[in-house]
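Reminder, nothing fancy here: chain letters follow the sequence lines and each chain counts from 1.
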2 protein chains.
Amino acid sequence: MNDATKPVKKPSRIQLRNRKRILDAALAVFSQHGYRGATLDQIADASGLSKPNILYYFDGKEAIHVTLLNALMDNWLDPLKKMDPDGDPLEEILGYIHRKMQMSREFPRESRLFANEVLQGAPRMKPHLETGLKTLFDEKTALIQRWMDQGKLAPCDPRHLLFSIWATTQHYADFEEQVAILTDGETDPVDGAEQFLDNMFRKLLTP
Amino acid sequence: MNDATKPVKKPSRIQLRNRKRILDAALAVFSQHGYRGATLDQIADASGLSKPNILYYFDGKEAIHVTLLNALMDNWLDPLKKMDPDGDPLEEILGYIHRKMQMSREFPRESRLFANEVLQGAPRMKPHLETGLKTLFDEKTALIQRWMDQGKLAPCDPRHLLFSIWATTQHYADFEEQVAILTDGETDPVDGAEQFLDNMFRKLLTP
DNA sequence: AATTTTCTTGACCGAATGGTCAGGTTGTGG
DNA sequence: CCACAACCTGACCATTCGGTCAAGAAAATT
């Protein structure tokens, strides 16, 4: 155990509970106000802990943000990873859309956290995007291209296909305020959205 | 002219020039950092004016932001307004998509300014959305519905159609950083995007 | 129970922020 | 060229921000 950078002591129950509280509060605050718009005092209030206590658990504001982004990336890429090369092409893509839509519904704060970060040039996330995301993106666009070459999907640019899927699904989380206003606060616009997107991408991709 | 709220004196040349400088600088700063992340000092630097001088032309940080948002709304709604009830339905919608895509290419900062605002709950823009945008939205979705009822377009929910158009076109401005990384800094991904979107929405809407 | 470790906080700090103001400079109409 | 208005700025201010610290309270360990 000569790794001086990782003081790996098993975290106590209090550690676990409070770190979770802080991260949950920070997610709420960061996703609504962006990194620079968020303050430690807001996070302290939302978490029910004092500001110095928050700095006892995290090295600073940026450390909290980075921790959130790291945790986010895994969950974010997961639905795309699940796209199975051996499954039915059309159903795999429609399934992916469904999963993304579920994430917009269940984790809108995470979606907005990500959107805020990328909108502002991804200053704290570029490395993640250039490695993890880029690799997965290349892999999956290649897979989709193969499916198209085999005539199992109507041909189109797989990269823009993925962009469109991301854009349309995340839109309902990121622009929730606008959507709510325009649909007169309909109980759940996401239901109608899912049906619409299924139809649209089915028509696009059916050979 | 008994309107005490508007000191309507014709603005001098210097007024005009400096207000423009300030708004241009503010657009750059606000669109990158969001409202709370932007500082008057940054705007001062970017505009080449001193901070007190900026406050000579505008009542404060918020006034600058509001001015930008007001100016934005007009340009933002314009492409949709241009959708002609008497034109060919499919071509009208594809033309609208084309115009929106042009705006993403030419005015990415405006797109990001808008995205930042809505992402954070549209605190300074809700009234605008509820009046101007909502009215136009209802009008145009009704028009598209009529077209569908007449069998001139394949049926789908016109509201989600517009959401999808907004999401996909603005994505290339708002998530420019991500798109650039994933396309290896391709000269202009928007070209390919336009072709892709034309194809997708054509397939969706062709009866 | 004693002691060591972990946890928590009130008080405080330097830097940054939005904004003010008195007074100077520049432009402009007569 | 004079006088008045418009324009501009250095110095300053109150508040908020991220962050520190010494010392007390609570757990855990012995």
Any side-chain N or O of [X] below 4.0 angstrom from OP1/OP2 of [N]?
| X | N | answer |
| --- | --- | --- |
| B:Arg13 | C:dT28 | yes |
| A:Asn18 | C:dT8 | yes |
| A:Tyr56 | C:dT9 | no |
| A:Asn53 | C:dC7 | no |

Point to revise | Contact pattern, 5' to 3', of nucleotides 18-23 of chain D - B, S or - by protein heavy atom under 4.0 Å | key: BBBB--
Review point. Given the side-chain rings of A:His160 and B:Tyr172, with only the six-membered ring counted for Trp, is the space between their centroids under 6.0 Å?
Key: yes
Measure [atom1]/[X] against [atom2]/[N] and give the value in whole Å, please.
| X | N | atom1 | atom2 | answer |
| --- | --- | --- | --- | --- |
| B:Arg19 | D:dC7 | CZ | P | 11 Å |
| B:Tyr57 | C:dG19 | OH | P | 18 Å |
| B:Phe58 | D:dC7 | CZ | C1' | 15 Å |
| B:Leu49 | D:dA6 | CG | P | 19 Å |
| B:His33 | C:dG18 | NE2 | P | 12 Å |
| B:Gln15 | C:dT28 | CD | C1' | 15 Å |
| A:Phe30 | D:dC17 | CZ | P | 13 Å |
| B:Ile14 | D:dC8 | CD1 | C1' | 10 Å |

Side chain of [X], backbone of [Y]: donor and acceptor closer than 3.5 Å?
| X | Y | result |
| --- | --- | --- |
| A:Glu194 | A:Met101 | no |
| B:Lys61 | B:Tyr35 | yes |
| B:Ser31 | B:Arg112 | no |

Review point. Touch check for B:Arg17, heavy atoms < 4.0 angstrom, all strands: base, sugar-phosphate only, or nothing?
Key: nothing
Taking everything shown except [X] itself, do over 12 heavy atoms lie less than 6.0 Å from its [atom1]?
| X | atom1 | value |
| --- | --- | --- |
| B:Gln195 | CD | no |
| B:Asp74 | CG | yes |
| B:Lys20 | NZ | no |

